[in-house]
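Letters go in sequence order (proteins before strands), and every chain restarts at 1. Predicted, not measured: the structure shown is a model, and the values here were computed from it.
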4 protein chains.
Amino acid sequence: MTKGCPNSLDHRTRIGQTRREKTRERLCEAAIMVFAERGLNGTVIDHVVRQAGVSRGTFYNYFDTIEDVLDAARVVLKRELVLLVKDSVDFDRPPAERVAFGLRAFIEVARQNKLFLEFSARLGHQSYSFSNLLKETAPGFVSSAIEAGEFRPIPEGLIFDLMESGAISVLRRLMNGEAVDVAAFVAAMLRVLGLSYEASVAIAALPVEAPQPAEDSLLLRANATWSASQ
Amino acid sequence: MTKGCPNSLDHRTRIGQTRREKTRERLCEAAIMVFAERGLNGTVIDHVVRQAGVSRGTFYNYFDTIEDVLDAARVVLKRELVLLVKDSVDFDRPPAERVAFGLRAFIEVARQNKLFLEFSARLGHQSYSFSNLLKETAPGFVSSAIEAGEFRPIPEGLIFDLMESGAISVLRRLMNGEAVDVAAFVAAMLRVLGLSYEASVAIAALPVEAPQPAEDSLLLRANATWSASQ
Amino acid sequence: MTKGCPNSLDHRTRIGQTRREKTRERLCEAAIMVFAERGLNGTVIDHVVRQAGVSRGTFYNYFDTIEDVLDAARVVLKRELVLLVKDSVDFDRPPAERVAFGLRAFIEVARQNKLFLEFSARLGHQSYSFSNLLKETAPGFVSSAIEAGEFRPIPEGLIFDLMESGAISVLRRLMNGEAVDVAAFVAAMLRVLGLSYEASVAIAALPVEAPQPAEDSLLLRANATWSASQ
Amino acid sequence: MTKGCPNSLDHRTRIGQTRREKTRERLCEAAIMVFAERGLNGTVIDHVVRQAGVSRGTFYNYFDTIEDVLDAARVVLKRELVLLVKDSVDFDRPPAERVAFGLRAFIEVARQNKLFLEFSARLGHQSYSFSNLLKETAPGFVSSAIEAGEFRPIPEGLIFDLMESGAISVLRRLMNGEAVDVAAFVAAMLRVLGLSYEASVAIAALPVEAPQPAEDSLLLRANATWSASQ
DNA sequence: GATGAATGAGGCTTCATTCAT
DNA sequence: CATGAATGAAGCCTCATTCAT
């Protein structure tokens, strides 16, 4: 196929790898957009390749199933989210504030980025949610806080489940254009962790600055492309 | 038309309606079983008719889409659930206890009835969940309790969302055979409603008697059939 | 089924035959209406039985296929048409006038009876057309006129074909709400029969009185029912 | 993307387009054959794909409905017909002769090509008929001739309707193996246009040379294939 | 005779997957 | 590697027909 093209093997390989990486990225981005619009079950391979502007056969050079590309999309989103949310959380603050700030930052990202909102709301726990983020970026955080007496005892799995499923409910409401009392949700999660009603409400009400995505953020770029095509 | 022979038409009509009702019920039961195994998106009409032992065409005499039969199944389950859970809840007890008992009864039903467990866990909020039950059998219950000062202020939609999505998480864990601390979940919900940590734990730990399904319960019968075929 | 109804055999039989005849008629009428709306290929047995208000099974007591009921409908229409058009044609007039009056009366019936119009236009040569009428009510009319020198020689089959297919074209235009120069069509047919241009135009322009359907005309009654349901 | 290997993409594209065009043609040809045998309403997609020897899915890569492939078939037939009939008509002859020659050539093509005959007869006005041909290849021809006094006044739509429906009647007779007096039909059409009986008969009787299909005519090829399979 | 529930063959459409170029 | 034509399995839906009551 590249016969007759007089490049060195090295060069071809390098070029190839770059190109390969780029095509893969294009497919991921395209998939995020399509999943955001149609959810997992409404999406077929054709939607993705058309959005990506590649041929059907190319898809199979990178992924085997539509679920595979969802996995890849999750990884991409994780990378972006970690960058965004980490900045919003001051690691010197008490655990309750860190949870509150993290949750609110996560929801704020979704509020400001329609693409991410629809993706997360539509895919639910198949998306990359806040509890995933927490588990991976601050492992052991909750149990340490419990041991330290900052939170009251609760099975770690349960609190993750409740934060994840609760956050998804919130996002789904936001997606549908309903008014959502985010502070009330955050306060509820803090009470689950053992804070008093008053403390939960107070901390949930603390001002939080919105996360600023980097200029070259894939999420930002994809959101722009996608919003334009809506 | 059959004037002069006044009974034959009635008789024929009665027979027809009985048969019709029976087939519809069969389809509903079959649908519950199939949904329990494969969820909504994994289920196709063929699965249902094969499980019900009727022809494909018969399905269309009763329903138009697979979603329609899911709606019908939900109605059936609601009927059964109301009967089961109502018995477990003493209406004279304080609101917190009623919530705690209701939640635990709901989860207990699922624990004892594998079919219902898988149906609910697999369908998530497309199933007939605890918050549906609460909303329909005791409308206004939560807001009254908030007004009465038994619970602390929280948007009603939020508490329903959290109970529903939380309960589904619990059921999903149970379905996967994981150990679940149901009392901890119930206590968490009570804290969301504003109870103190100690009160939440105490009430969640009160003994609750398991709901006893009636002998002719569709759920019981279907569960038996289904478990046998597993 | 009629056991216990103490009628004499004769009476039952007579009643039965009357009822039988009435049901058959109902099916025919219903079929005409449905064919008028959907044509032959768009019509299924269910449409007919629903329009007739009888059960699906009853259909099979009278007809085997949808084409059979069309045949029956044709017979009904023929009966009605013969009554209507015959009155409009004075048998003492010269052949050219008789043809002209007959054609115009036929088209006029369709113009005044939307049901018949749509039926004829939609079914085309599967309907009961003017040439059928001519062949059956005045056999040999054209060839006699040719022999008598009133018309010029032309194969009889050809003139029937042209009148039939031409009339259907006209009806189709009428059905679509287009303006149609009926006199021009009639004149064209007269020229086909050998009349000069001037004679053809003159005769086609003679005033013709619209056929008056009998009060108890099935076509009238069915048209009313049908128009009401449009 | 393939910038350094400028020929490979072009080559692939060319190959692809060739293949694509060939398959499309196969489907069209197959459709013509099937329509010729079964008419529009008797034909289903499966018949076409089986005749074409392609898979069911392939059909949908080219057409959406059976009507779409009929449209395509019509275009193919038009192309062929224009070539064939144009040759038979001397544009310097008087309008009446041009009409007469055109009609006779059209019918002659059908007489010599069983496939085209059955296609046209079976599809009627859904086929590509003589009046279509006339309208598209010589627009305004009739009205000019009327203005020039060569034909007598008649609504243009009417003359097209009569030529189309009349020609179809003729073809239907031919298809059924009946003897047809084509000259009489042509003469009748000329009289419709205002010619005298004698002139109409004389012009209709002029000798006309049979149209000669090109060697690579799709119609010829398809007719051979089809006749062999009858 | 009338009824309408049940049937299943037949046609439609989508879409994951393969493969020659 | 990329392409996109071809494939056919799998679902969907309609409707003529049968049959017990």
Side-chain angles (χ1 to χ4, degrees), chain A residues 1-2 12-13 15-17 19-20 23-24 43-47 49 53-66, chain B residues 1-2 5 8-9 11-24 43-47 49 52-62 64-66, chain C residues 1-2 12 15-17 19-20 22-24 43-47 49 53-66, chain D residues 1-2 5 8-9 11-24 43-47 49 52-62 64-66:
Chain A
M1 197 68 31
T2 45
R12 278 214 311 270
T13 306
I15 292 289
Q17 283 176 346
R19 195 167 66 177
R20 181 168 177 82
T23 304
R24 200 187 136 90
T43 297
V44 301
I45 290 176
D46 228 49
H47 297 151
V49 301
V54 302
S55 77
R56 195 197 303 290
T58 297
F59 180 91
Y60 286 95
N61 285 331
Y62 295 90
F63 306 101
D64 282 339
T65 69
I66 200 76
Chain B
M1 202 157 282
T2 45
C5 313
S8 69
L9 181 60
H11 181 237
R12 279 207 312 270
T13 305
R14 232 176 322 115
I15 294 289
Q17 283 177 347
T18 304
R19 184 154 57 128
R20 189 167 176 80
E21 204 39 62
K22 252 177 57 187
T23 304
R24 201 189 135 90
T43 298
V44 300
I45 289 174
D46 236 50
H47 298 151
V49 302
V54 301
S55 76
R56 191 197 310 289
T58 294
F59 179 91
Y60 287 96
N61 286 335
Y62 294 87
D64 282 340
T65 67
I66 200 75
Chain C
M1 201 66 34
T2 45
R12 280 215 310 270
I15 293 289
Q17 283 175 346
R19 197 168 65 179
R20 181 167 178 83
K22 254 175 59 186
T23 304
R24 199 188 137 90
T43 297
V44 301
I45 290 175
D46 229 49
H47 297 150
V49 301
V54 303
S55 76
R56 195 197 304 288
T58 296
F59 179 91
Y60 286 94
N61 285 331
Y62 296 90
F63 305 102
D64 282 341
T65 69
I66 201 76
Chain D
M1 201 159 285
T2 43
C5 314
S8 70
L9 181 60
H11 181 239
R12 279 205 313 267
T13 304
R14 232 176 322 114
I15 294 289
Q17 283 177 346
T18 304
R19 183 153 60 128
R20 188 166 176 81
E21 204 38 63
K22 251 177 57 186
T23 304
R24 202 188 134 92
T43 297
V44 300
I45 290 175
D46 236 50
H47 297 152
V49 302
V54 302
S55 76
R56 190 198 309 289
T58 294
F59 180 91
Y60 286 96
N61 286 336
Y62 295 88
D64 282 339
T65 67
I66 200 73

Rounded to whole angstrom units, what separation is found between the [atom1] atom of [X] and the [atom2] atom of [N]?
| X | N | atom1 | atom2 | value |
| --- | --- | --- | --- | --- |
| B:I45 | F:dA10 | CD1 | C1' | 13 Å |
| C:F63 | F:dT17 | CZ | P | 14 Å |
| B:H47 | F:dA10 | NE2 | C1' | 10 Å |
| D:Y60 | E:dA16 | OH | P | 17 Å |
| B:R20 | E:dG4 | CZ | P | 10 Å |
| B:F59 | E:dA9 | CZ | C1' | 19 Å |
| C:R24 | E:dG1 | CZ | C1' | 15 Å |

For C:T43, give me all partners under side chain to side chain donor-acceptor pair (under 3.5 Å), at least two apart in sequence or on another chain.
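With sequence neighbours excluded, C:T43 shows a side chain to side chain donor-acceptor pair (under 3.5 Å) to no residue whatsoever.
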
D:D46: which residues meet the side chain to side chain donor-acceptor pair (under 3.5 Å) condition with it, sequence neighbours left out?
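Checked D:D46 against side chain to side chain donor-acceptor pair (under 3.5 Å); matches are D:R50, D:R56.
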
Taking only side-chain nitrogens and oxygens of [X], does any of them come within less than 4.0 Å of OP1 or OP2 of [N]?
| X | N | answer |
| --- | --- | --- |
| A:N61 | F:dA2 | yes |
| A:T23 | F:dA2 | yes |
| B:S55 | E:dA6 | no |
| C:R56 | E:dG4 | no |
| B:T58 | E:dA5 | no |

Under a cut-off of 3.5 Å for both distances of each Watson-Crick or G-U pair, what dot-bracket string does DNA chain E give, using [ ] for crossing pairs and | for inter-strand pairs?
.||||||||||||||||||||

Decide whether a cation-pi geometry holds between C:R24 and C:F63; the criteria are a distance under 6.0 Å from NZ or CZ to the six-membered ring centre and an angle within 45° of the ring axis.
no

Contact nearer the 5' end of DNA chain E, comparing B:G53 with D:D46:
B:G53

Ignoring hydrogens, what is the shortest heavy-atom contact between D:F59 and D:V49? Give both atom names and the distance.
CB-CG1, 3.6 Å

Heavy-atom pair with the smallest gap, counting every atom of B:Y62 and B:T23
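For B:Y62 versus B:T23, the nearest heavy atoms are OH-CB, 3.4 Å.
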
Base, sugar-phosphate, or nothing: which does C:Y62 touch, judged by heavy atoms less than 4.0 Å apart?
sugar-phosphate

With heavy atoms under 4.0 Å as the rule, sort C:I66 into base, sugar-phosphate or nothing.
nothing

